[in-house]
Amino acid sequence: MEHRYDHVTIEQKWQARWAADRTFRVLNPGDDGFDPSKPKQYILDMFPYPSGEGLHVGHPIGYIGSDIFSRYMRMKGANVLHPMGFDSFGLPAEQYAVETGVHPRVTTEQNIANYVRQLKSIGLSYDWDRELATTDPGYYRWTQWIFIQLFESWFDPALGKARPISELIAALEAGETDAAGVPWSDLDGEAQRSFISGMRLAYLDDVMVNWCPALGTVLANEEVTREGKSDRGDHPVYRRPLRQWMLRITAYADRLIADLDLVDWPEPVKAMQRNWIGRSHGASIGFPIDDSDHRIEVFTTRPDTIFGATYMVLAPEHSLVESLVVPDWPDGTKEVWTGGAAAPSEAVADYRNRASRKSERERQTEGKDKTGVFTGSFCVNPASGERIPIFIADYVLMGYGTGAIMAVPGQDERDWEFAEQFELPIVRTVQPADGFDGDAYLGDGPAINSGFLDGLGVDDAKTRIIEWLEAEEYGAATISYKLRDWLFSRQRYWGEPIPILHGPDGEMRAVPDEDLPLLLPEVEDYRPASADQEDAVPVPSLGKAPDDWRFVKIEGVVWERELNTMPQWAGSCWYYLRFIDPGNSDRLVAEEAERYWMGDSGVDLYIGGVEHAVLHLLYARFWHKVLYDLGEVSTGEPFGRLFNQGLIMAHAYRDERGVYVPADEVEERDGGFWFDGQSVEQSYGRMGKSKKNGVNPDEFFVDHGVDTLRLYEMFMGPLSEAKPWTTRDVVGVERFLQRFWRNFVDPDTGDLLISDTPADEELRGLLHRTTKSVTDDMAELRFNTSVARFFELNNALVGLDSIPLEVADVFVRLMAPIAPHVAEELWERMGGDGSVCFADWPAYDESLAAEESVTMVVQVGGKIRDRIEVPVGISSDEAQQVALASDKVAGHLDGEPTRVIVRPPNLVNIVP
RNA sequence: GCCGGGGUGGCGGAAUGGCAGACGCGACGGACUCAAAAUCCGUUGGGCGCAAGCCCGUGUGGGUUCGAAUCCCACUCCCGGCACCA
């Protein structure tokens with residue numbers, strides 16, 4: 001009784017020891033005691049937003065995975081950087097402040113303290129000396145500094161990289177280059193400023209924003225769901241034109257795609273990023289406007305179909321629309337083109353008005369029902385020479401390509417639908433395949449009705465028409481992207497202030513370095529200046545800051561501070577760099593430390609959820625590339641290897657009213673589920689407080705133990721897969737740990753049951769096989785099968801009077817990464833040297849790992865007919881003889897075999 | 001619609017061209033116990049058979065191969081992402 005496995009005492013003892021000894025502190029190059037001969041491993045978790053709810057058992061599965069890998073790498077002799085911090089700017093703390101008046105800083109600090117406590121209680125081997133939070137002024141000072149670098153840089157297309165804007169200005173002033181064709185000296189001060197502003201990587205622009213009145217802020221495209229709701233809170237979002245800060249991520253589109261080939265990431269994440277960037281090859285073509293010198297530029301991926309362009313469509317917001325509207329409907333105008341209006345101006349105004357009120361969602365759900373009106377103007381198809389009508393329609397999006405299309409109904413489904421509805425001509429320019437009976441034909445085939453293209457396949461026709469367009473100066477080959485510049489302003493309080501000053505004449509300057517960090521001002525009222533109607537106008541919360549913050553006098557002139565704050569993604573764009581050197585007040589990261597820890601390919605292992613595939617991971621890559629171009633970091637990519645852990649799912653139960661009931665009190669019987677005497681319905685999804693199916697880790701640790709949680713979560717299945725939490729199954733690993741302990745420790749005396757008698761051959765073979773198997777699993781993060789191997793080895797020890805020392809020593813070390821507390825305790829009792837965390841990872845002997853004899857399978861015609869024990873080293877001839885001598889084989893074989901396949905020592909297949 | 005991932009016992013899963021179902025849960029039988037819990041031992045894919053043994057079996061259909069859960073083709077269902085992107 002006295003000496004049973006007491007997980008609570010053991011786990012608390014070792015967590016206290018690790019904290020007191022700073023066991024997991026890791027040194028930087030240059031620090032006293034740093035060992036440069038060791039290889040480095042930078043193993044990183046996606047840091048959390050510290051929510052008020054704290055962690056449930058589903059959250060840390062990725063942290064446990066990275067912790068095991070970190071502990072394994074330490075034992076392999078690496079310097080391991082394994083830090084943790086908090087992404088602590090964000091809406092929940094601010095919303096709480098709105099409701100209660102409690103400063104977000106206070107809430108954030110409390111939540112972080114709770115997270116740290118919970119994370120420590122999981123036994124995660126972080127170097128807590130490097131803890132950081134994005135809300136620390138010492139941290140966001142550098143977030144602001146990076147923003148200023150973006151503001152002070154431009155993307156030089158000739159070099160394909162960012163450069164200081166001062167170099168552009170110098171070149172312009174020296175006359176080495178000009179401003180988009182205009183000599184620099186011909187521009188006045190205002191025009192010069194405007195040109196420079198248009199070149200910066202961080203710039204102000206009038207853009208269509210996603211305005212969310214309920215949140216009181218605008219949102220990035222990435223933060224709006226396909227239903228046209230806010231990603232956070234699910235509030236309605238409206239389109240508004242507004243002057244906002246933008247980051248020129250589009251300049252990096254090609255590099256962001258190309259460099260995906262350099263990183264070891266899950267293919268789905270790479271695919272999502274490629275898809276999000278959406279690079280497509282095509283041509284831009286200018287269609288001359290009838291009776292005008294102007295042209296309408298379109299982008300198309302199918303220039304080969306130009307002879308079939310029978311009309312043209314502009315997005316309703318297109319800037320040329322006004323100039324295209326004619327006073328009266330021209331001859332040939334069909335009734336359906338007019339939208340019932342008496343004149344084009346009325347029809348267009350009306351249509352634009354309605355389109356601007358539609359949400360993204362409404363535009364999308366219209367699907368096949370196309371809407372639009374005729375502008376009254378025509379342009380000329382440069383290939384066919386036909387005069388074709390110009391429409392506006394909201395199925396053409398302003399944000400992609402040029403906001404205008406040549407409509408080719410014969411080869412485009414959307415154009416087909418529009419043409420049918422608006423009674424426009426349809427001309428096929430690709431001969432459909434035999435048997436095709438659909439509408440628009442998207443496949444390959446010879447060109448028809450296409451003049452000099454006739455007979456060419458799609459690819460050849462594309463090449464030919466682009467040559468012609470370039471020769472005739474109607475257009476050129478182009479590449480278009482779905483990716484748009486990153487909208488970087490938010491009107492909320494709890495974010496990094498954008499460190500920019502606005503002068504009286506509209507000029508801008510960065511806050512000087514010595515004034516950083518630009519601290520968030522104190523305000524009395526955290527409420528965003530929002531209203532519940534969509535008509536409200538976005539107003540930054542920092543407008544409520546005191547005047548001595550808002551206005552700055554420089555050399556007698558009053559400058560006004562930028563009032564927008566940065567989005568939550570800002571802080572997480574570079575935190576992995578700060579972990580390397582979190583206390584540095586001179587640089588965002590010291591050069592030598594950065595070079596050491598980022599090595600050739602950046603972070604060695606980055607574990608986190610797949611939900612960040614296009615947001616955080618794309619933004620961070622973008623910032624990293626800018627910093628790389630500016631010489632601040634030494635690698636082209638931040639995260640060399642990425643791993644997505646799967647969610648822990650759980651069953652939830654609802655009663656007849658649809659109200660969730662506590663999942664841990666539901667009983668299963670008679671083929672149904674019951675709570676408090678009534679039948680409840682089972683569903684399956686993410687764990688969460690609202691579904692009453694979360695499992696609280698604090699309670700779990702008391703009842704079952706931390707090592708049990710770690711073993712269970714790793715044993716559930718592959719780390720990358722979503723898996724259901726089943727409390728019932730926990731007992732398996734719990735039993736294992738108790739049996740493991742009993743194998744080592746006499747329950748009556750507390751004596752170690754270890755002797756130095758050697759292991760017998762069978763046990764020694766199993767030990768080496770286990771070591772080999774677990775070692776192989778570690779590199780691939782296949783911890784589920786490692787745990788299974790532990791069970792097997794453990795079962796082989798049951799019933800022995802004592803464990804051979806060679807087995808005990810290796811077993812404890814193998815267990816140390818996954819179940820570190822019990823491993824430390826046994827290691828100490830066994831008289832191990834120092835912490836087991838730095839013991840050598842066990843080696844194995846390949847020849848001992850091989851089994852002495854194996855079961856050879858004998859097949860006849862591919863069906864198993866016999867199993868024979870044979871020595872491992874059996875020769876092909878011997879194996880064949882043994883197999884053919886089998887009685888069981890003889891019964892299934894009449895006559896001589898036609899062929900015998902021999903794969904010693906595993907298999908002989910006799911083909912009759 | 002497009003892109004990506006997946007379908008294996010009652011359940012979680014193992015096996016990536018060579019013994020399908022490792023390991024665990026559950027279930028069943030047994031030991032210990034006055035009894036229960038805990039613990040320990042055994043059985044456990046389905047079917048036929050007293051047994052030896054035989055047949056079937058990895059979503060469906062086909063193919064490659066001496067041999068396929070694994071590779072190829074077609075289909076189907078489930079999950080994730082994107083979606084009027086010209």
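To find a chain, count down the sequence lines: A is the first, B the second, and so on, and within it residues start at 1. All values below come from the heavy atoms of this structure, side chains included, with hydrogens, waters and symmetry mates left out.
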Note to self: Judged by each residue's nearest nucleotide on RNA chain B, which is more toward the 5′ side, A:G717 or A:D729?
What the structure shows: A:G717
Next item on the list: Please state whether the phosphate of B:C3, meaning OP1 or OP2, lies under 4.0 angstrom from any side-chain nitrogen or oxygen of A:K270.
Entry: no
Note to self: Quick check: closest heavy atoms across A:G282 and A:I466, and the distance to 0.1 Å?
What the structure shows: O-CD1, 4.4 Å
Next item on the list: Tell me which nucleotide among B:G18, B:G12, B:G81 gets nearest to the side chain of A:Q859.
Entry: B:G18
Item checked: Distance in angstrom units between A:R867 CZ and B:G18 P, rounded -> 16 Å
Next item on the list: Step through the shown structure and confirm whether more than 12 heavy atoms of other residues, nucleotides or ligands are within 6.0 Å of CD on A:E792.
Entry: yes
Margin query: Rounded to whole Å, how long is the line connecting atom NZ of A:K863 with atom P of B:G18?
Written below: 18 Å
Notebook entry, point to check: Less than 4.5 Å apart, any side-chain heavy atom of A:N743 and any of A:V798?
Noted result: yes
Checklist line | Touch class at under 4.0 angstrom, heavy-atom based, for A:R782 against every strand present | finding: nothing
Next item on the list: Among the candidates B:C40, B:C23, B:C19, find the nucleotide nearest to the side-chain atoms of A:F715.
Entry: B:C23
Next item on the list: Give a yes/no on whether any side-chain N or O of A:R735 is located under 4.0 angstrom from OP1 or OP2 of B:C25.
Entry: yes
Next item on the list: Just compare B:G53, B:G81, B:A86 and give me whichever is closest to any side-chain atom of A:K888.
Entry: B:G53
Next item on the list: Select one nucleotide: of B:U39, B:G18, B:C25, the one nearest the side-chain heavy atoms of A:R728.
Entry: B:C25
Notebook entry, point to check: OH of A:Y400 versus P of B:A83: gap in Å, rounded?
Noted result: 13 Å
Next item on the list: For A:T371 and A:D394, work out which heavy atoms get closest and say how close.
Entry: OG1-OD1, 3.5 Å
Next item on the list: Would you indicate, yes or no, if B:G81 has its OP1 or OP2 atom less than 4.0 angstrom from a side-chain nitrogen or oxygen of A:R274?
Entry: no
Next item on the list: Could you walk me through whether A:T429 and A:Q411 pass the side chain to side chain donor-acceptor pair (under 3.5 Å) test, one step at a time?
Entry: CA-CA 8 Å; A:T429 61; A:Q411 274 76 229; 2.8 Å; yes
Item checked: Distance, rounded to the nearest Å, where A:N784 contributes CG and B:A14 contributes P -> 5 Å
Item checked: Those residues of residues 787-795 of chain A lying under 4.0 Å from RNA chain B by at least one heavy atom -> A:A788, A:R789, A:F791, A:E792, A:N795
Next item on the list: Map A:V911 and A:V733 onto RNA chain B by nearest heavy atom, then report which one ends up closer to the 5' terminus.
Entry: A:V733
Check: How close or far is atom P of B:C23 from atom CG of A:L737, stated in whole angstroms?
Finding: 18 Å
Next item on the list: Could you check which of B:C19, B:C54, B:A86 has an atom nearest any side-chain atom of A:T300?
Entry: B:A86
Check: Should B:A22 form a Watson-Crick or G-U wobble pair with both distances under 3.5 Å, which nucleotide is its partner?
Finding: none
Checklist line | Integer-rounded Å distance: B:G80 C1' and A:H612 NE2 | finding: 16 Å
Next item on the list: Look at the side chain of A:P268 and decide which nucleotide, out of B:G18, B:C66, B:G4, has an atom nearest to it.
Entry: B:G4
Next item on the list: Answer with yes or no after comparing the ring centroid distance for A:F715 and A:F791 against a 6.0 Å cut-off, counting only values under it.
Entry: yes
Next item on the list: Determine the interatomic distance between C1' on B:C73 and the same-named atom on B:A20; round to the nearest Å.
Entry: 24 Å
Notebook entry, point to check: To the nearest Å, how far apart are A:R686 CZ and B:C79 C1'?
Noted result: 14 Å
Margin query: Check this one for me: any side-chain N or O of A:R742 less than 4.0 Å away from OP1 or OP2 of B:U39?
Written below: no
Next item on the list: With heavy atoms under 4.0 Å as the rule, sort A:T898 into base, sugar-phosphate or nothing.
Entry: nothing
Margin query: Heavy atoms only, 4.0 Å cut-off, all strands: where does A:T726 land among base, sugar-phosphate and nothing?
Written below: nothing
Margin query: Restricting to non-hydrogen atoms, name the atom on A:P266 and the atom on A:N644 that form the minimum distance, rounded to 0.1 Å.
Written below: CG-OD1, 3.3 Å
Note to self: Heavy atoms only, 4.0 Å cut-off, all strands: where does A:H651 land among base, sugar-phosphate and nothing?
What the structure shows: nothing
Check: Considering only side-chain heavy atoms of A:D394, which listed nucleotide, B:C40, B:C84, B:A86, is closest?
Finding: B:C84
Notebook entry, point to check: In the strands shown, is B:G29 matched to any nucleotide by a Watson-Crick or G-U wobble pair with both distances under 3.5 Å, and which?
Noted result: B:C41
Notebook entry, point to check: For B:A15, what is the paired nucleotide under Watson-Crick or G-U wobble rules, both distances under 3.5 Å?
Noted result: none
Margin query: From CE of A:M272 over to P of B:G4, roughly how many Å is that when rounded to an integer?
Written below: 12 Å
Check: Reckon A:I405 touches a base, only the sugar-phosphate, or nothing at all at heavy-atom distances under 4.0 Å?
Finding: base
Check: Which heavy atom of A:K482 sits nearest a heavy atom of A:N275, and at what distance?
Finding: NZ-OD1, 3.5 Å
Next item on the list: Report which part of the nucleic acid A:R279 touches: base, sugar-phosphate, or nothing (heavy-atom distance under 4.0 Å, all strands).
Entry: nothing
Next item on the list: Specify whether A:F422 and A:F418 have parallel, tilted or perpendicular ring planes, treating 30° as the upper limit for parallel and 60° as the lower limit for perpendicular.
Entry: parallel
Note to self: At 4.0 Å (heavy atoms only), tell me whether A:P718 reaches a base, stays on the sugar-phosphate, or touches nothing.
What the structure shows: sugar-phosphate
Next item on the list: With C1' as the reference atom in both, quote the distance from B:U58 to B:U70 in angstrom, rounded to an integer.
Entry: 10 Å
Check: With distance as the sole criterion, do the side chain of A:N909 and the base of B:C66 form a donor-acceptor contact below 3.5 Å?
Finding: yes
Notebook entry, point to check: B:C19, B:C25, B:C40: which one has an atom nearest the side-chain heavy atoms of A:V731?
Noted result: B:C25
Checklist line | Candidate nucleotides B:U39, B:G53, B:A20, ranked by approach to the side chain of A:I864 - the nearest | finding: B:A20
Check: Where the side chain of A:A271 is concerned, which of B:G18, B:G4, B:C41 is the nearest nucleotide?
Finding: B:G4
